[in-house]
There are 2 protein chains.
Amino acid sequence: MSNKPIGIKDVAGAAGVSVTTVSHVLNDVSYARISSKTRDKVKHAAEALGYDPNRLAQALRTQRSGMLGFISEEIATTPHAGRIILGAEETARRRGYHLMIINTSSKATDESRKADIAALLKGQVDGVLYATMYHRRLALPDNLNGVPAILVDSEDTNQSISSVIPDEAGGATAAVMTLIDAGHQRIGMINNTDDVPATHSRLQAFKDTISDAGLTFHTDLVEAEHSEVPGGYEAALRLLTRKDRPTAIFCYNDRMAMGTYRAASELGLNIPEDLSVVGFDNQELIAENLYPALTTVSLPHYEMGAWAAENLIDAIEGKTDLALMALHPTILDCPLVRRDSVAAPAR
Amino acid sequence: MSNKPIGIKDVAGAAGVSVTTVSHVLNDVSYARISSKTRDKVKHAAEALGYDPNRLAQALRTQRSGMLGFISEEIATTPHAGRIILGAEETARRRGYHLMIINTSSKATDESRKADIAALLKGQVDGVLYATMYHRRLALPDNLNGVPAILVDSEDTNQSISSVIPDEAGGATAAVMTLIDAGHQRIGMINNTDDVPATHSRLQAFKDTISDAGLTFHTDLVEAEHSEVPGGYEAALRLLTRKDRPTAIFCYNDRMAMGTYRAASELGLNIPEDLSVVGFDNQELIAENLYPALTTVSLPHYEMGAWAAENLIDAIEGKTDLALMALHPTILDCPLVRRDSVAAPAR
DNA sequence: CTGAAAGCGCTAACAA
DNA sequence: TTGTTAGCGCTTTCAG
């Protein structure tokens with residue numbers, strides 16, 4: 001609508017008051033005692049002129065830029081990063097903040113991580129969000145010290161930075177329970193070979209859930225491979241060619257489930273009639289498009305991003321003390337997404 | 001390393017000169033004539049103190065924030081958006097700029113688009129990149145007027161904003177050629193039903209390539225459906241159950257190709273022995289993981305992001321006139337990615 | 001109740 | 001060849 005920027009003094013002029021007054025009323029300064037008549041005059045003038053304070057000047061003066069630094073690993077490879085960004089961006093915007101994005105790699109050196117953070121700090125961000133590609137434990141560079149920061153989808157090895165992570169165990173439990181509830185007794189698991197928290201906690205939850213249900217856990221019903229489609233295929237082949245093959249398989253992730261689908265198809269096994277399968281991750285491109293659509297566990301990416309932004313902002317505004325939450329990561333739910341790959345076992 | 005911010009006057013003090021001099025040497029101001037001795041003194045002092053100019057103050061003074069606004073549609077749903085962001089972010093960073101991200105939807109109202117742009121402008125960005133989810137023609141809100149801006153992956157209906165788009169026709173031609181080169185004569189196409197540029201240009205290229213190769217184009221060998229997996233499945237079923245079925249199919253995108261795989265599998269047709277297929281998009285999650293891996297055409301997302309950032313920055317810095325390029329979109333190559341879904345037809 | 005004025009950290013005329 | 005100084009647009013202390 002306008003092209004020439006309206007400054008605070010234009011508003012002051014129009015309202016016939018000083019800039020101080022304008023600033024006070026527009027910022028709702030608590031100790032300012034201003035007649036409601038003046039308040040109205042100022043507000044109307046501001047409104048009429050379409051006044052919009054210059055964030056830069058504001059930032060320079062208040063030492064607060066309204067900008068959140070967002071470091072994301074592998075922004076490019078999965079939609080997951082996108083969901084985290086989305087969650088963070090939407091809540092940040094709702095609170096009047098913006099996101100400044102920097103990409104990094106999960107294999108980044110400490111050196112380059114430090115540089116990324118430095119770049120962000122130089123950009124005068126008020127705090128930083130560090131989002132990883134997958135749940136793990138890592139040590140963040142020391143130049144983050146003193147800066148409000150939250151780790152998304154990973155834990156800080158020295159517990160000095162608070163973080164949000166998914167409830168791996170809960171998700172795995174739900175996945176296995178849906179299989180048990182469907183009547184399965186011989187349930188296999190295809191696990192990842194990487195030494196990351198998810199590998200261990202999902203396996204543990206698998207064991208526990210089996211036991212808690214009064215079934216017996218068979219070590220040889222869990223196979224591990226590299227967590228991609230071919231790995232899932234290989235592992236599934238081994239599991240499904242046993243004489244007493246499982247009637248259901250819990251897969252470490254949707255990609256491995258995709259491999260399992262192929263193995264089943266080659267062996268002439270129909271899903272879900274002959275074999276039930278449940279995945280993990282809810283990578284929609286896969287889970288929704290496999291045939292039959294895959295029942296899986298969804299990771300709360302959006303929610304983690306939102307939680308992180310919300311709490312980071314609270315910390316920046318002094319409403320919260322991040323140090324307090326740093327001791328224990330916040331754990332968010334991993335809901336089961338039911339689709340069509342689970343059925344009762346054939347008798 | 002340091003905690004108390006070093007200002008320009010600290011450097012001036014340490015070097016025993018005035019702030020002007022410091023500013024001049026550090027910014028390589030052309031008209032400033034300063035002895036090289038002084039230059040060195042200043043540089044060393046700055047170095048020693050670890051001086052880092054405050055971008056905010058700089059920005060306030062120069063009316064240039066070093067920030068590029070990046071509006072992306074559906075950041076969350078595909079890795080494509082991520083590749084564009086990555087390309088833009090990396091080149092922006094190389095040129096000393098940062099990205100401020102805002103998410104929007106491809107179904108956004110003009111109203112909300114305007115609000116997004118306003119939010120960015122209010123954040124004092126120097127220019128804006130508007131990235132769409134898929135190639136189409138759209139009208140951007142008028143509050144973008146006067147602001148350096150580039151449309152990524154779409155064209156402006158009123159040709160006032162320059163843009164980068166993929167070479168749809170070239171990609172489709174390469175796809176069809178690889179089929180023809182393999183010896184196929186009866187080639188089918190599964191097209192999209194949406195009225196977007198890609199639908200038309202890929203079909204046109206399909207026809208042209210067939211004709212140019214001296215083959216005859218059969219209208220009934222092209223089927224169209226909604227461009228998702230189920231649509232691909234349906235269309236493929238129709239094509240493959242004809243008495244004179246095609247020996248190869250060019251699919252509108254990788255998802256439709258995925259549906260084609262399923263149809264082929266149900267009909268007992270092996271890929272690539274009995275049927276060759278090529279997709280479009282190179283959605284790695286699908287293309288790499290299908291069995292056999294899908295030969296497809298890749299969209300230059302990273303490159304478009306990089307090109308856009310580079311040219312936007314040039315425009316901001318006055319090295320380029322965007323108005324000049326606005327007349328014709330810049331077209332970037334769509335290279336064929338050869339995998340295992342194409343072979344010679346069975347005799 | 002309201003206003004004058006001093007900066008935030010930097011750049012760039014203009015002087016010297 | 002270098003230094004003085006006036007702002008960029010806003011917030012906030014301190015006086016009226």
Side-chain angles (χ1 to χ4, degrees), chain A residues 2 4-43 45-46 49-67 96 121-124 126 317, chain B residues 2-43 45-46 49-67 96 121-126 317:
Chain A
S2 64
K4 29 56 215 313
I6 307 290
I8 195 174
K9 52 182 50 156
D10 296 314
V11 180
V17 300
S18 77
V19 295
T20 311
T21 307
V22 175
S23 174
H24 281 169
V25 353
L26 262 27
N27 293 333
D28 270 322
V29 175
S30 56
Y31 54 81
R33 324 234 63 247
I34 298 183
S35 72
S36 54
K37 203 159 31 165
T38 318
R39 287 200 122 83
D40 281 359
K41 255 193 317 189
V42 171
K43 282 185 178 153
L49 297 178
Y51 171 66
D52 203 7
N54 180 324
R55 302 283 299 239
L56 249 38
Q58 228 167 224
L60 178 61
R61 188 61 238 247
T62 60
Q63 305 296 4
R64 199 157 280 178
S65 65
M67 209 92 68
L121 294 179
K122 171 169 175 164
Q124 318 292 324
D126 295 335
E317 299 182 348
Chain B
S2 62
N3 234 354
K4 28 59 218 310
I6 306 290
I8 195 174
K9 52 182 50 157
D10 296 314
V11 179
V17 300
S18 77
V19 294
T20 311
T21 308
V22 175
S23 174
H24 281 170
V25 353
L26 261 28
N27 294 332
D28 272 323
V29 175
S30 56
Y31 56 81
R33 325 234 64 249
I34 298 183
S35 71
S36 54
K37 207 165 18 170
T38 318
R39 290 199 120 82
D40 280 358
K41 257 194 315 192
V42 171
K43 282 186 178 153
L49 296 179
Y51 171 68
D52 203 7
N54 181 323
R55 300 283 298 242
L56 248 38
Q58 228 166 225
L60 178 60
R61 187 62 238 243
T62 59
Q63 303 297 3
R64 199 155 280 178
S65 65
M67 209 92 67
L121 294 179
K122 170 168 175 164
Q124 318 291 324
V125 300
D126 296 336
E317 298 182 348

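Chain naming here is simple, since letters A, B, ... match the order of the sequence lines and numbering starts at 1 in each.
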Using whole Å, report how far [atom1] of [X] lies from [atom2] of [N].
| X | N | atom1 | atom2 | result |
| --- | --- | --- | --- | --- |
| Gln63(A) | dC10(D) | CD | P | 17 Å |
| Ile8(A) | dC8(D) | CD1 | P | 14 Å |
| Lys9(A) | dC10(D) | NZ | C1' | 10 Å |
| Arg64(A) | dG9(D) | CZ | C1' | 19 Å |
| Leu60(B) | dT11(D) | CG | C1' | 13 Å |
| Ile34(B) | dG3(D) | CD1 | P | 9 Å |

Counting distance only, does the side-chain N/O of Arg39(B) pair as donor-acceptor with the main-chain N or O of Ile34(B) below 3.5 Å?
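Checking the backbone N and O of Ile34(B) against the side chain of Arg39(B), a donor-acceptor pair under 3.5 Å is found.
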Report yes or no: does Asn27(A) contribute a side-chain atom to a donor-acceptor pair with the main-chain N or O of Val29(A) at less than 3.5 Å?
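Such a contact is absent between Asn27(A) side chain and Val29(A) backbone.
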Can you pull the contact range of chain B along DNA chain C, 5' to 3', using atoms under 4.0 angstrom from its heavy atoms?
dG9(C) to dA13(C)
Atom pair [atom1] ([X]) and [atom2] ([Y]), whose distance is rounded to the nearest 0.5 Å:
| X | Y | atom1 | atom2 | result |
| --- | --- | --- | --- | --- |
| Arg64(A) | Gln58(A) | CZ | CD | 11.5 Å |
| Ser65(A) | Met67(B) | OG | CE | 7.5 Å |
| Arg61(A) | Leu60(B) | CZ | CG | 12.0 Å |

Under the salt bridge (Lys or Arg N to Asp or Glu O under 4.0 Å) test, residues paired with Asp52(B) that sit two or more places apart
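Salt bridge (Lys or Arg N to Asp or Glu O under 4.0 Å) list for Asp52(B), sorted by chain: Lys122(A).
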Any non-hydrogen side-chain atom of Leu26(A) less than 4.5 Å from a side-chain atom of Val42(A)?
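Leu26(A) vs Val42(A): side chains touch.
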Short side-chain donor-acceptor distance under 3.5 Å, Thr21(A) and Ser18(A)
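Per modelled atom types, Ser18(A) and Thr21(A) side chains form a pair under 3.5 Å.
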Does Arg39(B) or Gly7(A) map to a spot on DNA chain D nearer the 5' end, using the closest nucleotide for each?
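With Arg39(B) and Gly7(A) compared, the 5'-side residue is Arg39(B).
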Pull out every protein N or O sitting under 3.5 Å from an N or O of nucleotides 12-16 of chain D, one pair per line with the distance.
residue	atom	partner	partner atom	Å
dT12(D)	O4	Thr20(A)	OG1	3.4

